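A quick write-up on the structure given underneath.
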Amino acid sequence: MTQPLVQIRGLKKSFGTLRVLDGVDLDVAKGEAVCVIGPSGSGKTTLLRCINLLEPYDDGSIRVDGVEVGYDDNRKRRSERALAPIRADIGMVFQLFNLFPHLSALENVMLGLTKVRGISKAEAKDRATQWLTRVGLADKLQNLPSQLSGGQQQRVGIARAVAMEPKVLLLDEITSALDPELVGEVLQVVQGLARDGMTMIVVTHEMTFARDVGSRIVFMDEGRVIVEGASREVLANAASNERLKTFLARIEMKH
Amino acid sequence: MAYHFNFNFVWRYADKLYWGLVLSLEIALVSILIGMVIGLALALAYTGGGRLTKTAVSAYVEFIRNVPLLLLVYLVFYGIPSAGGFAYDAKTSFVATLAIYSGAYLVEVFRAGLDAIPKGLVDAGKAIGLTPWQRFLYVRAPMMFRIVLPSLSNVYVSLFKDTSLAYVIAVPELTYGANWIKTNTFRVIEVWLVVWPMYLVTCYALIYGLRILERRFSLVRR
């Protein structure tokens with residue numbers, strides 16, 4: 001078997017005395033879309049933020065394309081400067097969009113291209129325009145984030161991440177801050193990316209999405225992976241695991 | 001009314017007021033520039049520094065902010081040279097004083113600005129692979145300046161008015177010029193009636209200019 005693109009082993013992380021991740025193992029193959037589900041406080045967002053080291057991890061290992069993310073060969077924490085090029089290859093889309101409010105949609109996407117990838121302004125503009133067109137915002141290039149709806153802002157967020165051509169894309173509950181009627185337009189974009197073979201790790205509450213787009217579901221609780229498997233199988237056999245059953249029941253009630 | 005206004009004396013010495021105003025502006029500009037550098041550098045040091053740095057910056061801020069500016073002016077012009085056995089001219093001394101003084105206020109302004117930047121924006125900068133310096137240049141600094149612009153105009157205006165204190169160490173700025181005319185002509189009311197609007201108009205122009213900047217850099221486009 002070829003080496004997985006993302007390989008997580010024995011990942012541990014505590015905030016003070018609270019253990020948030022308690023030995024997580026996870027492999028993600030190239031082109032795979034893995035959905036991470038679980039009750040709030042189960043550690044899924046922290047897991048995602050550890051992968052690009054927005055949160056440092058205490059113990060264990062995360063390798064993306066063979067490179068240990070948080071530590072160098074001598075197991076010393078990497079400096080912020082040394083992390084920058086590693087993070088550039090790991091895209092992330094945030095729950096609250098986190099667009100740069102002082103930059104237009106176009107400039108939000110271009111910033112990483114010109115400053116991190118070193119691409120010329122003209123070419124960066126072309127690429128950014130292409131991606132924004134692809135997410136359906138060709139007519140909003142010059143708009144500031146404050147002039148866009150939540151769904152539009154999140155699509156800019158996705159364009160900003162994928163324009164960097166990352167090896168893997170991390171999506172952190174990207175629809176939970178959106179009005180219900182705007183969820184569809186964002187999920188559609190993600191669906192398209194999955195179809196194109198973008199490797200994704202998706203933290204989500206959208207079960208239909210997890211079933212239809214995710215090739216695999218990982219169910220986490222109390223900092224551990226409890227159930228893992230092909231999406232349809234996991235959901236079909238949910239009854240066999242008490243915690244997963246309870247979680248899914250609770251989600252159903254909300255919808 | 002017994003008093004007869006006579007502005008002729010004021011007009012005769014108008015050049016004292018004109019050059020006084022120019023010098024006032026010059027002093028304000030130079031000291032605010034130095035003060036901004038001090039303020040920004042120390043705010044960054046405070047935000048990113050350890051406990052020792054934080055204590056040192058706080059000590060500077062509190063020491064300067066809780067002492068009357070006039071005392072500082074005397075201290076820098078008379079005190080330090082006499083203790084150190086050297087001398088510098090009054091203008092240099094005053095610019096240095098005002099720079100140190102405004103620096104203390106600007107540390108607080110910039111620090112508040114840096115603190116007010118949503119953490120998510122820094123995360124987003126990290127996530128696209130910006131280095132710490134790039135994050136400052138393209139994300140934190142532009143956000144900070146937008147946040148602090150309204151408070152900056154306060155500092156600028158009060159700093160410009162504070163240049164009038166240079167009068168006490170005989171720097172020939174606007175207030176000094178006015179006093180000179182007053183002492184030589186005894187036309188007290190006339191002089192102040194001319195100088196007062198000069199300060200007012202200049203301060204208002206400052207505020208107005210900064211308001212245009214605020215609007216220009218607004219995060220909400222109208």
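Letters A, B, ... mirror the listed sequences (proteins, then strands); counts begin at 1. The structure presented is a predicted model; accordingly, all values stated were derived computationally and were not measured.
- When every heavy atom of B:Phe136 is checked against every heavy atom of B:Leu44, the shortest pair comes out as CE1-CD2, 3.7 Å.
- With a 4.5 Å cut-off on non-hydrogen atoms, A:Leu99 touches chain B through its backbone but not through its side chain.
- Looking at B:Pro132, the atoms closer than 4.5 Å to chain A (heavy atoms on both sides) all sit in the side chain, from C-beta outward.
- Between B:Arg211 and B:Glu214 there is no salt bridge, since no side-chain nitrogen of the basic residue lies less than 4.0 Å from a carboxylate oxygen of the acidic one.
- Salt bridge A:Asp58/A:Lys12: absent, no basic N to carboxylate O contact under 4.0 Å.
- Looking at A:Ile90, the atoms closer than 4.5 Å to chain B (heavy atoms on both sides) all sit in the backbone: N, CA, C or O.
- Only the side chain of A:Arg49 comes within less than 4.5 Å of a heavy atom of chain B; its backbone N, CA, C and O stay farther away.
- Contact check for B:Leu219 versus B:Met143: side-chain heavy atoms found under the 4.5 Å cut-off.
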